[in-house]
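Here the structure is a predicted model, which means the values were calculated and not measured. Side-chain atoms are counted along with the backbone in the values below, which use heavy atoms only and exclude waters and symmetry mates. Letters A, B, ... are given to chains in the order of the sequence lines, protein chains preceding strands, and every chain is numbered from 1.
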Amino acid sequence: MEKNYNHQLESQIYHKWEISGFFNPDYLPNAKSKKGLKKYFSIIMPPPNANGSLHMGHAVFITLQDILIRYHRMLGYITLWLPGADHAGFETQVVFDKKLEKEGRNRFKIPKEKLYQEMLKFTLNNKEKMKNQLKILEKEGRNRFKIPKEKLYQEMLKFTLNNKEKMKNQLKILGASCDWSREKFTLDKDIIDIVYQTFEKLKKDGLIYKGERIINWCTKHQTSLSDLEIKYEERTDPLYYIKYGPLEVATVRPETTFGDIALAVHPDDKRYKNFIGKIIDIETVLGKKQIKVISDKAVNQEFGTGIVKVTPAHDLVDFEIWQRHKNEIPPPRQVIDNYGKMNDLAGPYKGLNVKEARKKICEAMIKKGLLDPQKTDNQYKHNVALCYKCKTIIEPLILKNQYFIKMTQKPKSGSLSLRDMAIQAVQKGEIKFYPKRFTKIFLNWMKDLKDWNISRQIPWGIKIPEADTDDVFDTWFSSAQWPFATLLATSQSKTKNFYPKIDLFKKNKQIKILSDFEKFYPTSVMETAWDILFFWVARMIMLGLYVTKKVPFKDIVLHGLVRDAKGQKMSKSKGNVIDPIEMANKYGADAIRVSLVLGTALGNDQSISEEKIKSARNFVNKIWNIGRFLKYKNLTIFNEKENLIDPDKLSLADKWILTLFYKTLKDCQKYLKNYKFNQALEKMNNFIWHEFADWYIEISKSEKANVRSEILRYVFTEVIKILHPFLPFVTEKLWEDLNGQGLLIIAQIRKLDKKLYFKRETAQFEKIKQKIIDIRKKEPTKSIKVIFEELNKL
RNA sequence: GGGCGUUUAGCUCAGUGGUAGAGCGCACCCUUGACAUGGGUGAGGCCAAAGGUUCGAUCCCUUUAACGCCCACCA
């Protein structure tokens, strides 16, 4: 055995596991046994986005889930960890667009003719200027909006599948013991079929409606976004006061004036009581017009003049006002197009973008005396909606054929809305959150749930099956079905129709071979980062309950985000990104795993630094060297069939270490049960290092101590087992080097035996320990062995 | 506006109703036959502030402050 643990061997160890077949629950030794009740444990891996490389966030969930999986496998559960990848619709589109932009800088990729013509057009003297112009041109050359959709889709598929493979290898580096034979991708044919069937079911149940609705539009990415995909930022913009005939309106968006269909006041507002229901004559920049005044409770009397110009095509609140007054006022009038430019209705301002139009329109208004610049509030602060990816200002627009899922309406076939199903499951405790506080956060969010727009206008995704649309589903619509979709897809079946299977399982008990869905659904744990609680977890609960009538998982375990050593968010631009694969190559996967578990509480954000990984590596090495000590003494792994020695023959130190181990293991298992990974590992860490190695092994070096080698082997073996889920590689290697039978990955963790608990002897030994400590304070160079023997003589 | 979290050793953070912990860093010592990626010793904290419950509070309750996050959003 080498003096230091060599993590270069990790890939070999992983290979050994993989060919053993034990990642696959079908091949686990206990899977075939007919005796007793089979226990199943399953986790569906949150599909990492197949659009880039693994980052520390991935490393966290791989580590935590692998710990749970390996632990349960060693407890004798038939354990499935189903890996997957997500096509990640919009996220991938954004990444891919950037890639195109970059490639576009390579001028050889642009059609020659086009380049030539454009270059002629821009006859520039200044070289620098020309360069910039070229860059702009080049970007256009590979703009996704100019590439045929089908071609683009194929290119993106290739791109994504490549990333998927890359990612898979990275998961292996970290030791993920998932069943690759069951791997699923959200664009697999069978998954898409299931997604379509869910869509149909929702439609039949009256939970889907297609409508002309106002949506959040990103003018850069050319797609609508859900409410969750929008971030707000405080901005200071001028608040203008504009005359509408005898009335005056305060607004930050004068450019939408061409889309006004009414003015609204509060029904109780005495100032404008006489105007309600009347049509007034107004002067606009485009001439004389008429507009109706209506009353609506949404209007705030305190704000501005207490009058709102109603522009339903470009404002969410206005849209709602229009819906309430459809019969009295004209339909919405769109004046801004999909690219954020003014359209025909804007007359001379057509073609201008919003910012330019606003400026020119204000100027014209001032000229006409419609806008008093003196009144303008230049310090007005308000929140502006932005695309969460590119920070482009969101343009609320009305889009046709948008699909929405009703969240708060009962389905025809059931008595609870999607939202209420989920709320009830959580309130009843069928689903539990770890840490607990997320229960409240979850319920609080569910309370105000709005309908979910599942239409997206990007090319990348699952096409919505309707003749009249090119749209794809919101990626989260398919992800929301992941737990049951994957397990149904891996279930053996001749029929292409997946749904009847669910009912079949219920009715037909004579099916002898249980399918994956029957065995593993509901899954045991959903472990993921808290930041996708609403995007994903909540929607999985709703659709899972809706389709299968069962919760998709029993426990939800949420971990925090990974930050750098100073607690700052990692980002490429800051240059503080720590790459888990790079670190794994440098210090080993076990070190990464330990560094991500120790010193952090579940659900809290955590800091990671190379220093921390280094110290974790030291811990790994310590364990390695404890194993090396056994090897040096010619001691081997304690065989499963061996019986423990008669307690009467044990020495004091033996009884002490057994008792301590008993307590430690008990604590460790209790912590793991509650997903307190850090405390579980810390307990074991402290035990193996500061009790087992520092004391038990040191004392054992003295023959006077009469330490039984069986006990040393036994405790070490059991420690290696319980540590294996945390540090799979080094423990497996030790298992092999010390003649463990078979692979450690499926070794069974022994149940606690109360006979191994010796209270009195433990207290006695602690006293001796204390004496030695006191002596060492005076004589620090003396070894424990020597002091122990001196004490023995007295 | 509503909700959540954090505040503990120089730094990063664990933790518990009963004399404060880890890792890293720092000072000094030790190459002892598993391990210098090690071992030993030590310095360093009125556990954010105030009040309450309790025999006893860093931990439970109330209030406050600072910082951070999430949700909603009035033109």
Peer 1: Roughly how far apart, to the nearest Å, are B:G17 and B:G56 at atom C1'?
Peer 2: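 Approximately 8 Å lies between the C1' atom of B:G17 and that of B:G56.
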Peer 1: Select base, sugar-phosphate, or nothing to describe what A:S615 touches, counting heavy atoms under 4.0 Å on all strands.
Peer 2: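 Sugar-phosphate: the residue A:S615, judged by heavy atoms under 4.0 Å, touches backbone atoms but no base.
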Peer 1: Dot-bracket, RNA chain B: Watson-Crick or G-U, under 3.5 angstrom, [ ] crossing, | other strand?
Peer 2: (((((((..((((....[..)))).(((((.......))))).....(((((..]....))))))))))))....
Peer 1: Roughly how many Å apart are B:A20 and B:G15, using the C1' atom of each and rounding to a whole number?
Peer 2: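 Looking at atom C1' only, B:G15 and B:A20 are 10 Å apart.
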Peer 1: Using every non-hydrogen atom in the two residues, find where A:I697 and A:I626 come nearest and quote the distance to one decimal.
Peer 2: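 Looking at all heavy atoms of both residues, the shortest contact is CD1-CG2, 3.8 Å.
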Peer 1: NA contact type, A:K701, heavy-atom cut-off 4.0 Å: base, sugar-phosphate, or nothing?
Peer 2: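 Base, at least one base heavy atom under 4.0 Å.
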Peer 1: B:U41 and B:G23: how far apart are their P atoms, nearest whole angstrom?
Peer 2: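 Each nucleotide's P atom is 12 Å from the other's.
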Peer 1: Looking across every strand, which nucleic acid part, if any, lies under 4.0 Å from A:R776 by heavy atom: base, sugar-phosphate, or nothing?
Peer 2: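 A:R776: backbone/sugar contact only, no base atoms under 4.0 Å.
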Peer 1: Regarding A:N678, tell me which of base, sugar-phosphate or nothing describes its non-hydrogen contacts under 4.0 Å with the strands shown.
Peer 2: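 Contact class for A:N678: sugar-phosphate only.
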Peer 1: Describe the nucleic acid contact of A:K231 in one word from base, sugar-phosphate, nothing, applying a heavy-atom distance below 4.0 Å.
Peer 2: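 Sugar-phosphate, backbone atoms only, no base.
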Peer 1: I'd like to know if A:R713 and A:E710 make a salt bridge, using a cut-off of under 4.0 Å between side-chain N and carboxylate O.
Peer 2: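 Salt bridge flag = no for A:E710 with A:R713.
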Peer 1: Compile the donor-acceptor pairs under 3.5 Å between side chains in residues 439-447 of chain A and protein atoms, sequence neighbours left out, one pair per line.
Peer 2:
{"unit_1": "A:T439", "atom_1": "OG1", "unit_2": "A:K436", "atom_2": "O", "d": "2.7"}
{"unit_1": "A:N444", "atom_1": "OD1", "unit_2": "A:K447", "atom_2": "NZ", "d": "3.2"}

Peer 1: Mind telling me whether A:F638 and A:Y714 have parallel, tilted or perpendicular rings, with 30° and 60° as the class edges?
Peer 2: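 A:Y714 and A:F638: perpendicular rings.
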Peer 1: Are A:K676 and A:E682 within salt-bridge range, i.e. N to O under 4.0 Å?
Peer 2: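 A salt bridge is absent here (no side-chain N lies under 4.0 Å from a carboxylate O).
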Peer 1: Contacts to RNA chain B from residues 587-610 of chain A, heavy-atom cutoff under 4.0 Å, which residues?
Peer 2: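 Output list: A:G599, A:T600, A:A601, A:N604, A:S607.
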Peer 1: Between A:E395 and A:R253, does any side-chain N to carboxylate O distance fall below 4.0 Å?
Peer 2: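 Yes, this pair counts.
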Peer 1: Quote, to the nearest angstrom, the C1' distance that separates B:A75 from B:C69.
Peer 2: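 Approximately 28 Å lies between the C1' atom of B:A75 and that of B:C69.
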Peer 1: Which whole number of Å gives the distance between the C1' atom of B:U64 and that of B:U54?
Peer 2: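 Rounded to whole Å, the distance is 23 Å.
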Peer 1: Quick one: side chain to side chain contact (heavy atoms under 4.5 Å, CB included) partners of A:N6, sequence neighbours excluded?
Peer 2: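 By the side chain to side chain contact (heavy atoms under 4.5 Å, CB included) rule, A:N6 matches A:E2, A:Q8, A:L9.
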Peer 1: Base, sugar-phosphate, or nothing: which does A:E302 touch, judged by heavy atoms less than 4.0 Å apart?
Peer 2: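 The answer is nothing, as A:E302 stays clear of every strand by at least 4.0 Å.
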Peer 1: If you look at every strand shown and take non-hydrogen atoms under 4.0 Å, does A:V249 touch a base, only sugar-phosphate, or nothing?
Peer 2: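 If one applies the 4.0 Å heavy-atom cut-off, A:V249 turns out to touch nothing in the nucleic acid.
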Peer 1: Output all residues satisfying side chain to side chain contact (heavy atoms under 4.5 Å, CB included) with A:K771, sequence neighbours left out; order by chain, then residue number.
Peer 2: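 Scan of A:K771 (side chain to side chain contact (heavy atoms under 4.5 Å, CB included), adjacent residues dropped) gives A:L791.
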Peer 1: Might you confirm whether atom CD of A:E302 has over 12 heavy atoms from other residues, nucleotides or ligands at distances under 6.0 Å?
Peer 2: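 Count not over threshold, so no.
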Peer 1: Taking A:E233 first and then A:K231, would you say they form a salt bridge - that is, a charged N and a carboxylate O separated by under 4.0 Å?
Peer 2: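 A salt bridge is absent here (no side-chain N lies under 4.0 Å from a carboxylate O).
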Peer 1: With heavy atoms under 4.0 Å as the rule, sort A:Y632 into base, sugar-phosphate or nothing.
Peer 2: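 The answer is sugar-phosphate, as A:Y632 gets under 4.0 Å only of primed atoms, P, OP1 or OP2.
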Peer 1: Taking only the P atom of each, what is the distance from B:U12 to B:U7 in whole angstrom?
Peer 2: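 About 12 Å, rounded to a whole number of Å.
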Peer 1: By the 4.0 Å heavy-atom rule, please label A:A616 as base, sugar-phosphate, or nothing.
Peer 2: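 Result for A:A616 = nothing.
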Peer 1: A:D531 near the nucleic acid: base, sugar-phosphate alone, or nothing, with a heavy-atom cut-off under 4.0 Å?
Peer 2: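 If one applies the 4.0 Å heavy-atom cut-off, A:D531 turns out to touch nothing in the nucleic acid.
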Peer 1: Hey, is A:D296 close enough to A:R324 for a salt bridge, meaning N to O under 4.0 Å?
Peer 2: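 Yes, this pair counts.
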Peer 1: Using a strict 4.0 Å threshold on nitrogen-to-oxygen distance, state whether A:D237 and A:R235 make a salt bridge.
Peer 2: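 So A:D237 does not pair with A:R235 through a salt bridge.
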Peer 1: When the P atoms of B:G1 and B:C24 are considered, how many whole Å apart are they?
Peer 2: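 That atom pair is separated by 46 Å.
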Peer 1: Assuming nearest nucleotide by heavy-atom distance, tell me which of A:I441 and A:E611 is located more 5' along RNA chain B.
Peer 2: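 The residue closer to the strand's 5' end, by nearest nucleotide, is A:I441.
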Peer 1: Hey, does A:I626 reach any base, or is it just sugar-phosphate, or nothing, if we go heavy atoms under 4.0 Å?
Peer 2: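 A:I626: base contact, heavy atoms under 4.0 Å.
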Peer 1: Scan A:K633 against the nucleic acid and name what it touches under 4.0 Å (heavy atoms): base, sugar-phosphate only, or nothing.
Peer 2: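 Nothing, no heavy atom under 4.0 Å.
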Peer 1: Return yes when atom NZ of A:K683 has more than 12 non-hydrogen atoms of other residues, nucleotides or ligands closer than 6.0 Å, and no otherwise.
Peer 2: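 No - once you tally the heavy atoms of other residues, nucleotides and ligands closer than 6.0 Å, there are 12 at most.
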Peer 1: Looking at every strand, decide which applies to A:N4 at a 4.0 Å heavy-atom threshold: base, sugar-phosphate, or nothing.
Peer 2: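 Base: the residue A:N4, judged by heavy atoms under 4.0 Å, touches a nucleobase.
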Peer 1: When the C1' atoms of B:U19 and B:A27 are compared, how many Å lie between them, rounded to an integer?
Peer 2: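 Here B:A27 and B:U19 have their C1' atoms 27 Å from each other.
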Peer 1: Can you pull the contact range of chain A along RNA chain B, 5' to 3', using atoms under 4.0 angstrom from its heavy atoms?
Peer 2: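 Footprint of chain A along RNA chain B, 5' to 3': B:G3 to B:A75.
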Peer 1: Select from A:R628 and A:A250 the residue whose nearest nucleotide in RNA chain B is closer to the 5' end of that strand.
Peer 2: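 The 5'-side residue here is A:R628.
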Peer 1: Base, sugar-phosphate alone, or nothing: which one does A:K309 contact when heavy atoms must sit under 4.0 Å apart?
Peer 2: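 Nothing: the residue A:K309, judged by heavy atoms under 4.0 Å, touches no strand.
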